[in-house]
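Here is the structure we will look at.
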Amino acid sequence: MQQHGSGVGSIEAGMRRPLTRRTFLRALALGVVSSGSGVLLAACSSGSPASGSATPSGGGVTPGVSSSPVVQATASATAQAGAPRRGGTLVVAFNADPETLDPHVTTALLAARVLALLHDNLICRDYDGSFKPGLAESWEISQDGKTYTFKLKTGVKFHSGKAFSSADVKYTFERWLNTPKSPTAYTIQPIDQIEAPDPQTVRFVLKQPYNIFLDQLAGSWSVILNQEAVERAGNNYGVTVVDGTGPFRFVSWERNQKITLARFADYTWGSPMFQNHGPAYVDGIEIRIIPEDNTRVAEFLAGNIHILQDVPTAQVDQLSQSPGVSIVKYNQLQTTYLGMNITKAPVDDIRVRQAINYAINRDDLVKGAYFGLARPARTMLAPETPYYWQGAEQIAPTYDPAKAMALLEEAGWKPGGSGIREKDGMQLVLPLWIINDNTTVLLAQILEQQLAKVGIKVDTKQYEQTAWFAAARSGQQTGYIIGVFYENADVLYFYFYSKQQPAPNRFFYTNSQVDQWLLDSRTNTNKEAVAQDYANVQRQLIQDAPAAPLVHELGTLGKADVVQGVRVHPSRWLYRMLDIWLKR
């Protein structure tokens with residue numbers, strides 16, 4: 001699943017999978033897609049401690065991929081078969097190429113997964129959500145929350161052999177801030193200046209308190225670069241040249257074929273969050289790019305692949321019963337939703353938006369489109385999200401078609417002869433833009449049927465993923481389906497702060513009071529006040545209904561039985577793979 005987003009903390013997701021006949025027939029058997037619907041093939045914190053001991057996240061996290069504090073891995077470390085052994089090449093399958101391995105110009109989850117192997121951060125997000133030392137051995141935060149001082153580890157070096165120092169940290173963040181059109185630089189804009197008073201000390205001075213600064217430093221795009229390597233490579237950096245301090249070094253990249261990494265034999269400074277501080281157990285990692293689902297799964301079952309990234313939903317049951325492999329399922333902070341551009345008819349009427357929310361049976365979506373590998377979504381935030389408002393359960397819409405029809409009547413939409421409601425000679429039609437992966441196509445088909453029952457016609461248009469994002473930048477969308485990964489409630493800033501228009505605020509939602517709450521949630525040093533800010537925002541969004549939350553997807557990972565030490569990290573991946581080894 002190739003995934004993109006617009007920030008460090010939130011990743012928007014789309015899957016490049018065509019709808020197969022087998023997948024459709026399975027949904028048909030579940031009774032959630034009628035045989036008449038057809039197969040659509042062509043269209044369709046304040047309390048931060050003053051030292052670098054392990055600390056849970058304070059305020060929020062900017063929407064992005066890397067530093068999720070509460071992504072819960074239901075299958076943690078696999079049972080160990082004896083002591084870890086060194087040797088062997090770990091073969092991993094991706095369904096698409098990363099666009100680049102330059103951390104300052106990408107938001108692709110696949111890129112983040114590779115970057116974590118090649119680089120280190122100043123600090124790391126542990127499996128329990130706390131922060132642990134990375135390249136920094138300790139850190140202190142000033143009383144006013146505006147100065148962060150990090151003491152760096154000694155003896156660290158880049159793959160090229162150059163010694164790591166505070167100058168590299170200073171260069172990395174200054175480059176990021178000054179990279180033209182960086183899609184993630186806004187996440188560190190509160191930085192006022194960066195000081196490197198000696199080789200083992202780096203100091204960040206912020207313009208104002210920033211509750212999620214540590215979250216950003218632990219994020220995928222905050223990995224530390226070697227200035228000499230970056231400047232020597234120029235535009236080739238991240239394509240033919242990568243020089244990090246991580247447990248694996250870059251060997252080669254054959255576009256759309258494979259990425260080859262080798263163990264960095266000198267690596268001994270791994271974070272204490274890992275049992276193995278280095279070097280890595282495996283000799284290297286080969287990342288094979290296999291876009292077609294059936295081919296990727298066949299290679300996995302044949303024993304040619306050790307790790308299968310994002311198992312195709314319709315094939316989880318089959319793989320769960322296959323010898324020699326297993327499926328790891330894990331909770332994650334993720335929401336798939338139906339977004340609405342509230343400046344476009346008919347969803348410029350709040351009553352129509354509310355009616356859509358009441359007309360959706362989310363349990364049927366879970367069964368029909370996700371084969372049980374999801375949970376119904378009541379709000380834009382999963383219940384495990386830090387600062388999730390418990391009161392949402394009492395006021396968020398539930399499936400109530402009678403309520404939906406009453407709201408449409410109130411809005412002036414009357415039953416028409418064809419079963420579609422009409423007003424002023426116009427039918428009630430919701431144009432819906434979707435990415436043409438099999439899950440989203442099934443999702444749209446089920447929604448078409450559900451909304452038709454209350455008199456709303458859905459006009460679905462399918463796009464390939466890249467084309468979807470390009471089209472959505474136009475602002476011409478009315479309704480659309482997309483998914484997002486996030487770390488905590490700051491995903492609400494990512495989506496609903498008015499200055500985030502036209503993307504990712506594709507709702508064109510503007511509310512000055514919501515803006516104020518969102519801004520205060522990032523800078524207020526009182527956690528109770530931050531919690532109230534987020535509660536206010538969630539309450540207002542439920543009332544204004546710019547989106548219809550649909551499901552929270554479960555994560556899946558396929559592993560061969562010979563792979564030991566597997567544990568899913570909050571980044572929704574295997575992170576730096578220091579504890580992984582091959583049983584032979």
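Side-chain atoms of P415 and M405, non-hydrogen and from C-beta on, never get closer than 4.5 Å to each other. E409 has its side chain within reach of K414: a pair of non-hydrogen atoms, C-beta onward, lies under 4.5 Å apart. By the 4.5 Å heavy-atom criterion applied to side chains, L308 and L319 are counted as neighbours. With contacts defined as side-chain heavy-atom distances shorter than 4.5 Å, the pair Y186/F494 qualifies. Considering only heavy atoms from C-beta on, S418 stays 4.5 Å or farther from K457 through its side chain. Side-chain contact between L442 and Y370 is absent, with no heavy atoms from C-beta onward closer than 4.5 Å. When side chains are defined from C-beta on, Y486 counts as touching L381, because their heavy atoms get closer than 4.5 Å. For the pair D215/F131, a side-chain contact is recorded, criterion being any heavy-atom separation below 4.5 Å from C-beta on.
Between D310 and the options R113, R572, K329, a salt bridge (Lys or Arg N to Asp or Glu O under 4.0 Å) holds for only R113. Among R506, Q462, Q476, the single residue meeting the side-chain contact (heavy atoms from CB on, under 4.5 Å) criterion with W433 is Q476.
Atom CG of D348 sits about 11.5 Å away from atom CD1 of I350, to the nearest 0.5 Å. Atoms CG and CD1, from L338 and I434 in turn, are 10.5 Å apart once rounded to the nearest 0.5 Å. In this structure, CG in N361 is found 11.5 Å from CD in Q449, a value given to the nearest 0.5 Å. Distance CG/L333 to CD/E384: 6.5 Å, rounded to 0.5 Å. In this structure, the separation between CD on Q538 and CD on Q543 is 14.0 Å, given to the nearest 0.5 Å. To the nearest 0.5 angstrom, K499 atom NZ is 8.0 Å from D515 atom CG.
Remark: the W176 side chain and the T184 side chain contain an N/O donor-acceptor pair separated by less than 3.5 Å. Side-chain atoms of T460 and E448 include a donor-acceptor pair closer than 3.5 Å. A donor and an acceptor atom, one from each side chain of Y388 and E393, are located under 3.5 Å apart. Side-chain polar atoms of Q315 and N294 form a donor-acceptor pair below 3.5 angstrom. For the residue pair Q540/N536, the side-chain donor-acceptor check at 3.5 Å is not satisfied.
Here the shortest heavy-atom pairing between N121 and G219 reads ND2-O, 2.7 Å. Taking each heavy atom of Q450 and A359 in turn, the nearest pair found is CB-O, 3.8 Å. When all heavy atoms of P376 and D363 are compared, the pair lying nearest together is CG-OD1, 3.1 Å. Residue M426 comes nearest to W413 through the heavy atom pair O-CZ3, 3.3 Å, listed as atom of the first residue, atom of the second, then distance. The two atoms that bring V311 and T556 nearest to each other are N-OG1, 3.2 Å, heavy atoms only. The two residues A374 and V366 have their closest heavy-atom pair at O-CG1, 3.4 Å.
By the 30° and 60° cut-offs, the orientation of the rings of F496 relative to F507 is parallel. The aromatic rings of Y480 and Y337 lie perpendicular to each other, with more than 60° between the two planes, well past the 30° mark. In this pair, F213 and Y210 present their aromatic rings tilted. The plane angle is within the 30 to 60° band.
Judged by distance alone, with hydrogens and angles left aside, the side-chain atoms of S130 form no donor-acceptor pair with the main-chain N or O of D126 at under 3.5 Å. No donor-acceptor distance shorter than 3.5 angstrom exists from the side chain of K403 to the backbone of T398, with no hydrogens or angles considered. Side-chain atoms of T478 do not come within 3.5 Å of backbone N or O of L430 as any donor-acceptor pair. No donor-acceptor pair closer than 3.5 Å links the side chain of R351 to the backbone N or O of L407. With hydrogens and angles ignored, the 3.5 Å screen pairs a side-chain donor or acceptor of Q309 with a backbone N or O of N95. A distance-only check finds no donor-acceptor pair linking the side chain of E553 to the backbone of L373 [under 3.5 Å]. In terms of modelled atom types and a separation under 3.5 Å, the side chain of N505 and the main chain of Y509 share a donor-acceptor contact. Between the side chain of N341 and the backbone N or O of G475, at least one donor-acceptor pair lies under 3.5 Å. Between the H569 side chain and the L574 main chain, no donor and acceptor come within less than 3.5 Å of each other. A donor-acceptor pair under 3.5 Å is formed between the side chain of D437 and the backbone N or O of T439.
Atom CD of E528 sits in a sparse spot, with 12 or fewer heavy atoms from other residues, nucleotides or ligands closer than 6.0 Å. For NZ of K453, the number of neighbouring non-hydrogen atoms (other residues, nucleotides, ligands) closer than 6.0 Å is 12 at most.
Qualifying side-chain contact (heavy atoms from CB on, under 4.5 Å) partners for D533, counting only residues two or more places apart in sequence or in other chains: W517, D520, S521.
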Using the rule given for side chain to side chain contact (heavy atoms under 4.5 Å, CB included), can you reason through T385 versus N488, listing the C-alpha separation, both sets of side-chain angles and the distance that settles it, and then say yes or no? CA-CA 5 Å; T385 312; N488 63 24; 3.9 Å; yes
Is there a side chain to side chain contact (heavy atoms under 4.5 Å, CB included) between K344 and Q477? Walk through the geometry before answering. CA-CA 8 Å; K344 295 276 191 180; Q477 70 279 3; over 6 Å; no
Derivation of the side chain to side chain contact (heavy atoms under 4.5 Å, CB included) call for F371 and D317: CA-CA 9 Å; F371 306 100; D317 284 350; 5.7 Å; no
Side chain to side chain contact (heavy atoms under 4.5 Å, CB included) between V352 and L408, intermediate numbers included: CA-CA 6 Å; V352 174; L408 295 175; 4.2 Å; yes
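We find that D544 and R353 are not joined by a salt bridge, their nearest charged nitrogen and carboxylate oxygen being 4.0 Å or further apart.
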